[in-house]
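Scroll down for the structure; my scribbles are underneath it.
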Amino acid sequence: MKIDELYALLRRRGVLWPSAEIYGGAQGLYDYGPLGAALKRRIEDAWSAWFLGLSRDYYRIEPSEIVPESVVRASGHLENFTDPEVVCEACHTPVRAETLLEKERPGGVDGLTPSQIGEVLRAHQIRCPTCGSTALGVPRPFNLMFSIPFGVDGEERAYLLPETAQGSYLAFARMRDVGRKALPLGIGVIGKAYRNEIAPRQVLFRMRAFTQAELQIFFDPNDFAVPFAEVRDEKVPVVRAAERERGHAEGEVVPASALAASGLPEFYVYHLVHLLRFLRDVLGYPAERIRFLEKSEAERAFYNRIQFDAEVFLESLGGFKEVGAIHYRGDYDLTRHSVASGKDLAASRKDGSSVLPHVLELTFGVDRNLWALADVHLVHDGERTVWRLPAYLAPVPLAVFPLIAKEHAAYALRLADAMATEGVPVQYDDASSIGRRYARMDEVGTPYCVTVDGETVAEGPGQGTVTLRARDSRAQERIATAELASRLRPTLRPPRPTDREVPAVRSVR
RNA sequence: GCGGGCAUAGUGUAGUCUGGUCAUCACAUAGGCUUGCCAAGCCUAUAACUCGGGUUCAAAUCCCGGUGCCCGCACCA
């Protein structure tokens with residue numbers, strides 16, 4: 001589906017809509033409705049089950065999303081996010097205005113408006129340091145962080161975190177002390193990040209407030225053993241940076257062992273494979289629509305030593321789009337925070353020596369994946385529209401209908417209540433015809449529909465059998481109401497990496 | 001942010017060029033009748049010209065501005 005069609009469908013069904021809609025909306029801000037909020041929660045639960053399930057030493061915390069200025073100063077965001085920037089129109093290289101003008105205005109550019117900076121650039125015939133052109137663009141402020149007055153007199157400043165990761169770095173010292181002292185230590189956070197984007201676009205793909213699920217793994221660079229044998233034969237679709245530079249953008253599918261042989265650390269490949277398995281086996285993206293794009297040295301942030309973006313091909317957005325990434329950040333973050341705070345952030349080894357941990361960061365865009373799950377699984381199937389979500393991701397896993405509202409409603413309502421009590425989220429519906437009810441539930445991804453009929457009622461309260469109808473096959477079977485919850489519940493639990501066999505994603509029979 | 005395009009019920013649309021009936025049609029939604037399993041039928045109801053200003057006897061229609069959306073460029077440390 002195209003972006004407008006998909007977005008209209010999601011709005012109509014109450015999955016999501018523009019924030020402040022009655023005032024004309026606000027760019028880059030969205031509200032999730034009942035279905036969207038439920039789906040998002042299930043994505044987050046599935047992420048937690050999978051990634052925190054990788055190790056007993058991976059924990060989930062919930063740090064503050066507002067931080068004092070000292071934090072963003074240390075992390076480098078203040079410097080990089082607030083200076084006016086000029087882009088060369090000839091070679092497209094972005095340069096900070098301050099760098100260009102350091103000879104002419106040693107005092108810096110603070111206090112000048114962007115257009116004043118532009119005048120100074122022209123007056124002095126400043127050239128692009130990369131290509132020498134004088135065709136420099138109009139400077140513009142580069143303040144992608146939201147700042148807020150902080151404290152009673154409002155003289156201090158605080159910032160909304162522009163990336164979730166910082167919360168984990170701040171928490172490392174405490175976690176090191178309250179948890180096991182040994183590395184590796186994983187800190188998982190599902191939280192919001194805030195960026196005042198210049199051009200929010202494509203609905204959930206460029207938002208001003210968005211949810212990231214991130215796992216920061218702190219490890220000893222000399223000792224990070226992983227059970228690599230478990231993943232060595234996995235086929236991984238990659239687009240290597242070196243190949244791209246030679247003009248080969250198609251990518252290739254190679255075994256994990258070959259990636260490790262090419263020089264990537266085993267711990268890196270191991271986690272990359274688990275991100276692949278999560279996208280493919282848990283979220284159900286078809287293998288051929290997933291790829292890992294390696295970022296070259298020029299493309300990646302300077303502190304990243306290795307970076308692969310996980311991308312999924314999205315029809316609605318016309319190409320492969322980033323939905324997650326895996327960054328080897330080295331010791332950049334802890335070094336910065338250690339120096340700025342004056343605190344020792346080293347961890348101790350078993351032999352008593354100490355080491356400043358390195359960080360492997362697994363990031364996952366929750367909103368983007370919610371969109372991707374709609375793009376990939378919400379399809380027109382002949383006459384009907386079906387959202388083929390894995391059962392454990394479905395916002396409403398079960399619907400209960402009376403075949404004839406007048407005759408079977410009382411029984412059906414009791415059954416729906418009983419299922420809710422059993423822990424199976426359920427929706428009751430007796431409006432219009434049975435076929436239309438099935439169709440409505442198909443569209444919001446409900447994998448199971450149960451219909452109470454005359455036979456059920458005749459069999460008596462708590463006794464009867466009902467028809468259980470599967471979303472994808474539309475096949476029906478007769479099942480005792482007493483067995484319903486125990487039958488469905490296992491399919492509603494998201495897979496963990498330790499499951500002996502990851503259940504097939506399309507487990508809805 | 002720059003350039004181009006667009007904006008009519010919940011959704012998709014007709015009407016806009018050429019100003020002038022109670023703004024078209026379909027689906028949807030709600031209620032009723034009917035209905036023993038996949039968007040059936042009949043009746044009834046709900047509901048829109050993105051916002052603000054201007055021109056005019058008269059504006060969905062023409063003009064200006066705001067807001068939002070789409071595409072391209074740039075940005076995404």
Side-chain angles (χ1 to χ4, degrees), chain A residues 2-14 17-29 72 75-89 92-94 96 114 137-145 162-163 165 193 195-203 205-208 210 295 299-304 309 316-318 321-322 325 327 332 365 381-386 401-408 430-443 449-457 466-471 473-478:
Chain A
K2 296 187 302 292
I3 180 168
D4 289 333
E5 187 188 357
L6 190 55
Y7 186 28
L9 186 55
L10 296 175
R11 277 200 313 272
R12 182 160 58 80
R13 281 302 177 188
W17 53 77
S19 204
E21 199 175 11
I22 60 170
Y23 290 104
Q27 273 189 49
L29 300 175
V72 290
S75 68
H77 289 94
L78 192 60
E79 190 183 6
N80 289 316
F81 266 29
T82 56
D83 288 351
E85 185 191 75
V86 180
V87 175
C88 172
E89 289 171 355
H92 302 306
T93 305
R96 286 165 56 203
V138 178
R140 48 150 206 279
F142 202 58
N143 50 351
L144 265 62
M145 280 196 298
E163 65 170 8
R195 295 181 195 177
N196 196 7
E197 293 284 357
I198 295 165
R201 220 175 266 187
Q202 296 188 318
V203 198
F205 267 72
R206 184 85 67 87
M207 299 166 78
R208 287 195 161 125
F210 56 99
K295 291 303 186 84
E299 291 168 323
R300 64 185 184 243
F302 65 92
Y303 51 74
N304 275 337
D309 285 353
S316 61
L317 303 182
K321 299 302 253 183
E322 181 191 350
H327 303 144
Y332 171 78
D381 175 12
E383 289 287 291
R384 58 185 194 141
T385 303
V386 192
F401 310 142
L403 185 56
I404 310 284
K406 277 185 205 156
E407 298 171 24
H408 313 130
D430 62 11
S432 60
S433 70
I434 189 82
R436 192 173 302 211
R437 291 179 224 155
Y438 285 141
R440 267 197 290 261
M441 299 320 293
D442 286 343
E443 201 170 81
C449 292
V450 154
T451 299
V452 170
D453 56 24
E455 205 177 320
T456 319
V457 175
V466 290
T467 54
L468 174 65
R469 178 263 195 188
R471 178 192 62 204
S473 65
R474 298 201 270 183
Q476 292 188 0
E477 65 174 303
R478 196 119 197 134

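Residue numbers begin at 1 in each chain, while the letters A, B, ... track the order of the sequences.
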Counterpart residues, side-chain contact (heavy atoms from CB on, under 4.5 Å), relative to A:Ala301 (two or more places apart): A:Tyr303, A:Asn304
Can you pull every protein N or O that's under 3.5 Å from an N or O on nucleotides 6-12 of chain B?
none

Rounded distance in Å between the P positions of B:C73 and B:C17: 35 Å
A:Arg11 NZ/CZ over A:Tyr7 ring centroid, <6.0 Å and within 45° of normal: yes
Pairing pattern in dot-bracket form [Watson-Crick, G-U; both distances under 3.5 Å; | = partner strand] for RNA chain B: (((((((..(((.......[....)))((((((.......))))))...(((((..]....))))))))))))....
Any donor-acceptor pair under 3.5 Å from A:Asp453 side chain to A:Thr456 backbone: yes
Check: A:Arg195 side chain, A:Arg206 main-chain N or O, donor-acceptor pair, under 3.5 Å: no
Side chain A:Arg469, main chain A:Gln476, donor-acceptor under 3.5 Å: no
A:Arg12: side-chain contact (heavy atoms from CB on, under 4.5 Å) partners, not counting sequence neighbours: A:Leu9, A:Glu443
Per-nucleotide protein contact string for nucleotides 48-53 of chain B (B base, S sugar-phosphate only, - none; heavy atom under 4.0 Å): ------
Could you list the protein-to-nucleotides 29-32 of chain B atom pairs, N/O on both sides, closer than 3.5 Å?
residue: B:U29; atom: OP1; partner: A:Arg440; partner atom: NH1; Å: 2.9
residue: B:U29; atom: OP2; partner: A:Arg436; partner atom: NH1; Å: 3.2

Closest listed nucleotide, where the reference is the side chain of A:Ala199 and the choices are B:C37, B:G1, B:C69: B:G1
Closest nucleotide among B:U35, B:C75, B:C71 to the A:Ile404 side chain: B:U35
Sugar-phosphate, base or nothing in reach of A:Ser316, heavy atoms under 4.0 Å: nothing
